[in-house]
Amino acid sequence: MAFLDKLERLLGRYAIPHLSLWLVIGQVFVLLSAMLGLLDLGNFVLVSELVREGEWWRAFSFLLMPPPPGLFGYLFTAFAWYIFYLMGSALEGFWGEFRFNLFIFTGWALTVAAAFVTPLSPTTNLFIAGSVFLAFAWLNPDFELAIFFILPVKIKWLALV
């Protein structure tokens, strides 16, 4: 029996179902709270030097940092949430709840470790979102996305690597 199978049998009951949905809901809540002036988004960035000084919540709260608005403002943010949920739920359906949770939490642990290697650089959750994108692209190389829900765009993901 493989190591992951043994680990899943031992810890599988603790897996969080629909983890990508919960991450998106948390990010929506944080963004709305920041827009209302209740939260400061600067407190959600992982800076390892500040974690060492006692702001330990930054090691966890950076997962709830919403994506940057970009050129098109909050329309891009909503599109980024949709894409993350689409790809995350597809990975969860392919791997199962436990393995997707393990993938996300391993990415979290490695991101926190990398933040401590480079102590003065701020770190966000874009590394984890990028790894979800790359894992989805690896498993679905012929995925077709409809721009404006009309124009099909088919990209050979592996040709880009």
Side-chain angles (χ1 to χ4, degrees), residues 2-48 50-51 54-116 121-141 143-147 149 157:
F3 175 70
L4 283 179
D5 292 333
K6 289 180 184 178
L7 198 61
E8 184 173 4
R9 199 172 51 172
L10 181 65
L11 301 172
R13 63 178 162 242
Y14 301 114
I16 302 168
H18 310 292
L19 181 60
S20 59
L21 178 64
W22 288 112
L23 288 173
V24 169
I25 289 172
Q27 290 179 10
V28 168
F29 176 75
V30 166
L31 181 64
L32 292 177
S33 298
M35 289 172 69
L36 292 173
L38 301 173
L39 291 174
D40 180 19
L41 287 179
N43 291 331
F44 285 84
V45 178
L46 175 61
V47 180
S48 62
L50 294 174
V51 173
E55 296 182 12
W56 54 268
W57 67 85
R58 289 179 182 266
F60 304 100
S61 66
F62 79 97
L63 289 173
L64 299 178
M65 178 78 172
L71 182 63
F72 298 107
Y74 295 112
L75 180 65
F76 173 77
T77 303
F79 183 70
W81 282 327
Y82 170 70
I83 293 296
F84 180 77
Y85 172 71
L86 179 122
M87 293 181 180
S89 61
L91 288 175
E92 186 174 354
F94 186 78
W95 287 335
E97 290 176 2
F98 175 77
R99 290 177 190 230
F100 181 68
N101 277 244
L102 184 65
F103 179 77
I104 294 292
F105 290 128
T106 301
W108 166 79
L110 291 174
T111 302
V112 170
F116 279 95
S121 62
T123 308
T124 63
N125 59 2
L126 293 177
F127 299 113
I128 297 170
S131 68
V132 168
F133 169 76
L134 291 174
F136 179 81
W138 179 262
L139 293 173
N140 302 296
F143 179 73
E144 184 175 292
L145 183 67
I147 304 276
F149 303 106
W157 300 103

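Atom set for the values below is all heavy atoms of this structure, side chains included, hydrogens, waters and symmetry mates excluded.
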Side chains of [X] and [Y]: does their closest heavy-atom pair fall under 4.5 Å?
X      : Y      : answer
Leu110 : Phe127 : no
Phe62  : Val112 : yes
Trp81  : Pro66  : yes
Met87  : Ser20  : no
Leu86  : Tyr82  : yes

For Phe103, the ring pair (Phe, Tyr, Trp, His ring centres under 6.0 Å) test, sequence neighbours excluded, returns Trp95
Can you name the residues that form a ring pair (Phe, Tyr, Trp, His ring centres under 6.0 Å) with Phe60, not counting sequence neighbours? Trp108
As an exercise, state the distance from [atom1] of [X] to [atom2] of [Y], rounded to the nearest 0.5 Å.
X      : Y      : atom1 : atom2 : result
Ser89  : Leu19  : OG    : CG    : 11.5 Å
Asn125 : Phe84  : CG    : CZ    : 7.5 Å
Leu64  : Leu23  : CG    : CG    : 7.0 Å
Ile104 : Thr111 : CD1   : OG1   : 9.5 Å
Phe105 : Phe100 : CZ    : CZ    : 9.5 Å
Leu134 : Leu139 : CG    : CG    : 11.0 Å

So, does Ser33 use its side chain to make a donor-acceptor pair with the main chain of Leu38 at under 3.5 Å? no
Heavy atoms only: give me the nearest [X]-[Y] pair and the separation to one decimal.
X      : Y      : value
Asn43  : Ser61  : O-OG, 3.6 Å
Arg58  : Gly42  : NH1-O, 3.0 Å
Ile16  : Glu92  : O-OE2, 4.2 Å
Ala115 : Thr123 : CB-OG1, 3.6 Å
Pro122 : Val45  : CB-CG1, 3.4 Å
Met65  : Leu41  : SD-O, 3.7 Å

Across all chains, not counting sequence neighbours, the salt bridge (Lys or Arg N to Asp or Glu O under 4.0 Å) partners of Glu8 are Arg99
Neighbour count >12 (heavy atoms, 6.0 Å) for atom CZ, Phe94: no
Would you please test Ile83 and Phe133 for side-chain contact (heavy atoms from CB on, under 4.5 Å) and show each step? CA-CA 9 Å; Ile83 293 296; Phe133 169 76; 5.5 Å; no
